[in-house]
2 protein chains.
Amino acid sequence: MPKAVAGPEIERLIQLLARLPGLGPRSARRAALHLIKKREQLMTPLADALEIARQKIVVCSSCGNIDTQNPCTVCTDPRRDLSVIVVVADVADLWALERAGALNARYHVLGGTLSPLDGVGPQDLTIDALVSRAHGEDVKEVILALNATVDGQTTAHYITDLLQDAGVRVTRLAHGVPVGGELDYLDEGTLSAAIRQRTPI
Amino acid sequence: MPKAVAGPEIERLIQLLARLPGLGPRSARRAALHLIKKREQLMTPLADALEIARQKIVVCSSCGNIDTQNPCTVCTDPRRDLSVIVVVADVADLWALERAGALNARYHVLGGTLSPLDGVGPQDLTIDALVSRAHGEDVKEVILALNATVDGQTTAHYITDLLQDAGVRVTRLAHGVPVGGELDYLDEGTLSAAIRQRTPI
């Protein structure tokens, strides 16, 4: 425990900031000082934004997205293609796909991936809700947009098995060379996948 | 401007978090999601801590430190050696020295360093207040704990000149090899200084 150099209120602020991902004890101290210096421009608006977020943010009961309305903006968007459900592990993945703008479908947030080692089983994820949504009459395709890790792919296989009777097409994201990526730095698995799934120019 | 994927309240929270030093747009998004997921354990306490800090934090009118009382905890500490003033550029430097615990003196925060290129002149810093404090009858030494950069050393020379008639000893931090540092990675200036100021074992 480093020596407390400021009052307990400031130390508490530093300790809370240090619990944010991406900030360690040292950068939390810098962030706290920055907040204190920019009291009107940053500290006050941030305190207000946190208060508003605390009151307003809800989890979408349909897809698991985080928003200030339920059902969420994506689920209530009339321009979305209702025949496709994109399955993601986490809200962060949903946001990443939305930023990419390559999809115009609705989502389903699992809340994680199956991980026997960490004690995460099917009952800890929203897999039942997904299966029931996939049986909806509009749904024609379920895209499994899960991480290309062991846990992600295990989860994808598990869901694929469960959806066999749902009468939907189950797909997953393509493997390959990242855009802008250099072959020299890629692992063998990615290169093999990129060769196997090569496409005509 | 990336596409907004969440409600305006969440986007606003992300934008404010991105203005903290050490957090970029991507890590601010991760931090916001983390806050939302840990609503009770983290978001609520952080909102409260910011609100308390906003109300309570003041700048010490004597030394320029940041605290919840004025004069600050350091200035009112009866065990401090009143004969020494440690001059720092910024509150962060004061905190760093306090963490090191090598000093039992009071401080003087300049609020920056002289930087003609950035338009920072003597009138932008608390140099006048320092000179007046240094003329106090108790004060025997002023330690210039400023960065070993061009601006820091310029500021140190400027202050040294001003304090010539104050009847105090003016010192600066030693240059040398950082503890745990490897000679091979040090610049020539540091090595030369460490040789010149070598000490008997």
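Letters A, B, ... mirror the listed sequences (proteins, then strands); counts begin at 1.
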Test side-chain contact (heavy atoms from CB on, under 4.5 Å) applied to A:Glu9 and B:Gln55, step by step: CA-CA 10 Å; A:Glu9 294 87 354; B:Gln55 287 168 8; over 6 Å; no

A:Ile52 portion near chain B, given a 4.5 angstrom heavy-atom threshold: side chain

Side chains of B:Glu51 and A:Glu51 in contact at under 4.5 Å (non-hydrogen atoms): no

Flag if over 12 foreign heavy atoms under 6.0 Å of CD, A:Gln123: yes

Approximate separation, where rounding is to 0.5 Å, of A:Thr68 OG1 and B:Ile10 CD1: 6.0 Å

Neighbour count >12 (heavy atoms, 6.0 Å) for atom CG, A:Asp128: no

Separation of A:Leu23 CG from B:Leu23 CG (nearest 0.5 Å): 4.0 Å

Proximal component of B:Leu46, with respect to chain A [non-hydrogen, under 4.5 Å]: both

Interatomic distance, B:Arg19 atom CZ to A:Leu35 atom CG [nearest 0.5 angstrom]: 10.0 Å

Heavy-atom side-chain contact between B:Lys37 and A:Asp90 under 4.5 Å: yes

Lys/Arg-Asp/Glu bridge criterion (N-O < 4.0 Å) met for A:Arg12, B:Asp48: no

Closest non-hydrogen atom pair between A:Pro21 and B:Ala31, with its separation: CG-CA, 3.9 Å

Contact origin within B:Ile36 toward chain A - heavy atom pairs under 4.5 Å: side chain

When A:Pro45, A:Cys72, A:Ser27 are compared by non-hydrogen pairs under 4.5 Å with chain B, the top option: A:Pro45

Structural part of B:Lys38 lying under 4.5 Å from a heavy atom of chain A: neither

A:Glu188 CD: over 12 foreign heavy atoms closer than 6.0 Å: no

Over 12 non-hydrogen atoms of neighbours within 6.0 angstrom of CD in B:Glu137: no

B:Gln69 portion near chain A, given a 4.5 angstrom heavy-atom threshold: neither

B:Arg54 side chain reached by A:Glu40 side chain, heavy atoms, under 4.5 Å: no

Heavy-atom proximity to chain A below 4.5 Å, by part of B:Arg39: side chain

Interatomic distance, B:Thr44 atom OG1 to A:Leu50 atom CG [nearest 0.5 angstrom]: 9.0 Å

Residue selection (most heavy-atom pairs with chain B, distance under 4.5 Å) from A:Leu20, A:Val91, A:Leu17: A:Leu20

